[in-house]
Amino acid sequence: MRIVFWQNCLSPHQLPYIVHLLDDNRVDEVVVVAGETVSGARKEMGWNVAQYEGLDKCKVYVHPHDKIIESLFADRQEDSQHLFSGIRADKFVFKCLDMSLRYHLRRGLISERPNKYDFKRNVPNAKPYWLHRIRFWLQDRTYAKQMQTVFAMGQEAVEYFQSLGIKWHVFPFCYCTNPLSTPEAQPVSENVLPQYLFCGSLSSRKSPSTIVRAFAKIDTNKMGGVNMIGDGLLRQPLEAEINRLNLGNKIHLLGMKPQTEIPMSMRQADIFILPSVYDGWGAVVNEALQAGCYVICSDAAGASDLLLSDDKLGKVFHRKNVNQLADYIQWCNAHIQEIRNNRNFRIKWAEEHINGHVVARYMIDCLEKTMKAEA
């Protein structure tokens with residue numbers, strides 16, 4: 001089998017499994033085609049995917065000209081799988097998808113669910129799924145009928161794509177991260193107060209103010225506070241809210257940190273919080289679990305699905321429900337020793353369920369199913 005990925009950039013949240021596809025003897029060639037190496041925003045975060053370990057085993061093309069694109073479609077049409085990410089979000093990927101229609105190919109889509117949140121008006125559910133379905137039928141039906149497979153990020157995405165009525169194979173999927181090696185967790189004294197962590201942009205989408213308002217509702221004397229890594233447009237109003245609520249000694253805005261420093265921050269935290277009002281996936285949840293953190297995540301993130309398989313992994317709260325988040329934080333404070341005792345459980349669970357090797361094998365299994373169904 002030959003697998004060809006068409007992406008806007010070399011995705012740091014897909015490369016961890018892409019580089020392991022060739023470990024399976026069912027795959028003999030992996031091609032990654034991207035519009036650019038890394039986006040500007042990810043450069044600022046310290047990503048350096050051009051030197052990604054294992055990428056040298058793949059054939060990589062960055063913004064190739066049309067003749068190369070055509071040759072990639074023409075080659076091995078009978079046993080190739082072409083997987084497209086972000087067909088409407090990126091002009092390069094859409095152009096390549098359009099060019100692919102000239103060839104008899106197996107195509108697939110790697111996609112998050114549609115965004116129902118209107119950030120300009122700060123209104124949830126401003127774009128309900130029925131509006132997205134209408135747009136889909138007007139704009140994407142021609143392309144959708146030429147695809148056999150969808151790898152959908154999270155259960156809500158699975159249900160959305162299944163609801164469109166296209167005869168394709170829809171598989172639940174996840175983004176993937178490849179953290180630095182994590183040593184086994186060492187015992188922590190009961191006298192050490194619970195440590196919380198947030199990592200992400202200070203933006204409406206990530207909703208860090210939900211954490212601040214939740215902390216204002218509880219007794220913070222019995223907790224060590226929360227470190228917030230990241231920056232963004234909401235930094236100044238967030239600082240003002242923290243000062244107004246007299247939480248400056250408990251909530252620390254650390255600004256942007258290099259991506260290489262994030263794993264160490266996660267190892268030092270007990271609980272990771274992701275309060276997003278919309279997140280197609282939320283790969284930072286993967287990173288937190290791989291570091292052994294207990295995770296409190298809003299149901300707006302696709303990655304919240306990971307927490308549902310075992311209550312020792314974390315809790316899911318309804319987006320923007322400050323009272324529910326406050327209750328979960330207080331629960332963590334009361335059960336901190338139990339959370340710490342289960343740290344190695346979470347590290348092992350992540351290795352067995354969301355490691356790049358595991359996700360790669362799962363993708364190949366899914367692609368084989370689609371091919372057998374066509375036979």
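Numbers here are sequence positions counted from 1.
One distance of note links CG of N221 with CG of D219; it measures 4.5 Å at 0.5 Å rounding. Here CG of L109 is found 8.5 Å from CG of L97. Values are rounded to the nearest 0.5 Å. Between the SG atom of C199 and the CE atom of M256 there is a distance of 9.0 Å, given to the nearest 0.5 Å. We find the NZ-CG distance between K315 and L307 to be 10.5 Å, quoted to the nearest 0.5 Å. One finds the CG atom of L72 at 9.5 Å from the CE atom of M99 (value rounded to the nearest 0.5 Å). Atom NE2 of H82 sits about 10.5 Å away from atom CD of Q148, to the nearest 0.5 Å.
For K206 and D279, the salt-bridge test passes: some basic side-chain N is under 4.0 Å from an acidic carboxylate O. The residues D24 and R361 are annotated as not salt-bridged, no charged nitrogen and carboxylate oxygen being separated by less than 4.0 angstrom. Salt bridge present: D66 and K95 bring a charged side-chain N and a carboxylate O closer than 4.0 Å. For D23 and K57, the salt-bridge test passes: some basic side-chain N is under 4.0 Å from an acidic carboxylate O. Salt-bridge formation is not detected for the pair R113/E159: no Lys NZ or Arg NE/NH1/NH2 atom is positioned less than 4.0 Å from an Asp or Glu carboxylate oxygen.
Annotation: side chain to side chain donor-acceptor pair (under 3.5 Å) contacts of S100 (sequence neighbours excluded): R107. Under the rule for a salt bridge (Lys or Arg N to Asp or Glu O under 4.0 Å), E351 has no partner lying at least two apart in sequence or in another chain. Remark: D79 engages R76 in a salt bridge (Lys or Arg N to Asp or Glu O under 4.0 Å) (not counting sequence neighbours).
Y52 places none of its side-chain heavy atoms less than 4.5 Å from the side chain of L10. The side-chain heavy atoms of V359 and C174, taken from C-beta on, include a pair separated by under 4.5 Å. Counting only heavy atoms from C-beta outward, the side chains of I229 and H252 never approach each other to under 4.5 Å. Contact of the K250 side chain with the V226 side chain is not registered, since no non-hydrogen atoms from C-beta on lie closer than 4.5 Å. Proximity of Y196 to F272: side-chain heavy atoms (C-beta onward) are nowhere separated by under 4.5 Å. Using a 4.5 Å heavy-atom threshold, the side chains of V31 and I3 count as separate. Under the 4.5 Å side-chain criterion, counting only non-hydrogen atoms from C-beta, L105 is not in contact with S80. You'll find the side chain of L367 stays beyond 4.5 Å of the side chain of F171, heavy atoms only.
Looking only at distances, a side-chain donor or acceptor of Q77 sits under 3.5 Å from a matching main-chain atom of H104. For N341 (side chain) and Q337 (main-chain N/O), a donor-acceptor pair under 3.5 Å exists by modelled atom type. Formation of a donor-acceptor pair under 3.5 Å by the D98 side chain with backbone atoms of F94 is not found in this model. Under a 3.5 Å cut-off, the side chain of N342 and the backbone N or O of F345 do not form any donor-acceptor pair. Without hydrogens or angle criteria, S207 side chain to S209 main chain gives no donor-acceptor distance under 3.5 Å.
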Could you walk me through whether N344 and W349 satisfy the side-chain contact (heavy atoms from CB on, under 4.5 Å) test, starting with their C-alpha distance in whole Å, then the side-chain angles of each, then the deciding distance to 0.1 Å, before giving a yes or no? CA-CA 8 Å; N344 286 325; W349 181 92; over 6 Å; no
Let me see the working for D270 and R340 under salt bridge (Lys or Arg N to Asp or Glu O under 4.0 Å), right down to the final yes or no. CA-CA 7 Å; D270 296 302; R340 287 171 174 164; 2.9 Å; yes
Test ring pair (Phe, Tyr, Trp, His ring centres under 6.0 Å) on Y17 and Y362; report intermediate values, then the result. CA-CA 10 Å; Y17 73 82; Y362 171 74; 9.9 Å; no
Could you walk me through whether F151 and V158 pass the side-chain contact (heavy atoms from CB on, under 4.5 Å) test, one step at a time? CA-CA 8 Å; F151 290 99; V158 169; over 6 Å; no
If you apply the rule salt bridge (Lys or Arg N to Asp or Glu O under 4.0 Å), what do you find for D75 with K59, and how did you get there? CA-CA 13 Å; D75 190 26; K59 295 181 179 179; 5.7 Å; no
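By the 6.0 Å contact criterion, CD on Q236 is open, its count of non-hydrogen atoms from other residues, nucleotides or ligands being 12 or less.
Between the side chains of E112 and Y175, at least one donor N or O sits under 3.5 Å from an acceptor N or O. When only modelled atom types and interatomic distance are considered, Y328 and N333 share no side-chain donor-acceptor pair under 3.5 Å. One side chain, Q290 or T177, offers a donor N or O that lies under 3.5 Å from an acceptor on the other. Under the 3.5 Å distance criterion, with hydrogens and angles disregarded, no donor-acceptor pair is assigned to the side chains of S201 and R205. Side chains of Q259 and E287: a donor on one and an acceptor on the other come within 3.5 Å.
Ring planes of F73 and W6: parallel class, angle under 30° (limits at 30 and 60°).
Under a hydrophobic-cluster definition in which Ile, Leu, Val, Met, Phe, Trp and Tyr are linked whenever side-chain heavy atoms come within less than 4.5 Å, directly or via other members, V212 and V322 are assigned to different clusters. The hydrophobic clustering, which links ILVMFWY residues whose side-chain heavy atoms are closer than 4.5 Å, places M228 and L233 apart. Taking hydrophobic clusters as Ile, Leu, Val, Met, Phe, Trp and Tyr residues chained together by side-chain heavy-atom distances below 4.5 Å, V358 does not share a cluster with V30. Note: the hydrophobic cluster containing L308 also contains W281 (ILVMFWY, side chain heavy atoms under 4.5 Å, direct or indirect links).
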Side-chain donor-acceptor contacts of residues 292-299 below 3.5 Å, not counting sequence neighbours, with atom names and distances?
{"unit_1": "S298", "atom_1": "OG", "unit_2": "S276", "atom_2": "O", "d": "2.5"}
{"unit_1": "S298", "atom_1": "OG", "unit_2": "A300", "atom_2": "N", "d": "3.2"}
{"unit_1": "D299", "atom_1": "OD1", "unit_2": "R319", "atom_2": "N", "d": "2.9"}
{"unit_1": "D299", "atom_1": "OD1", "unit_2": "R319", "atom_2": "NE", "d": "3.0"}
{"unit_1": "D299", "atom_1": "OD2", "unit_2": "H318", "atom_2": "ND1", "d": "2.9"}

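What you find for I354 and L306 is that their closest heavy atoms are CG2-CD2, 3.9 Å.
Applying the salt bridge (charged side-chain N to carboxylate O under 4.0 Å, His left out) test to pairs two or more places apart or on separate chains, those with a residue in residues 301-310 are D310-K312. Note on residues 163-173: pairs passing side chain to side chain donor-acceptor pair (under 3.5 Å), not counting sequence neighbours, are R133-S163.
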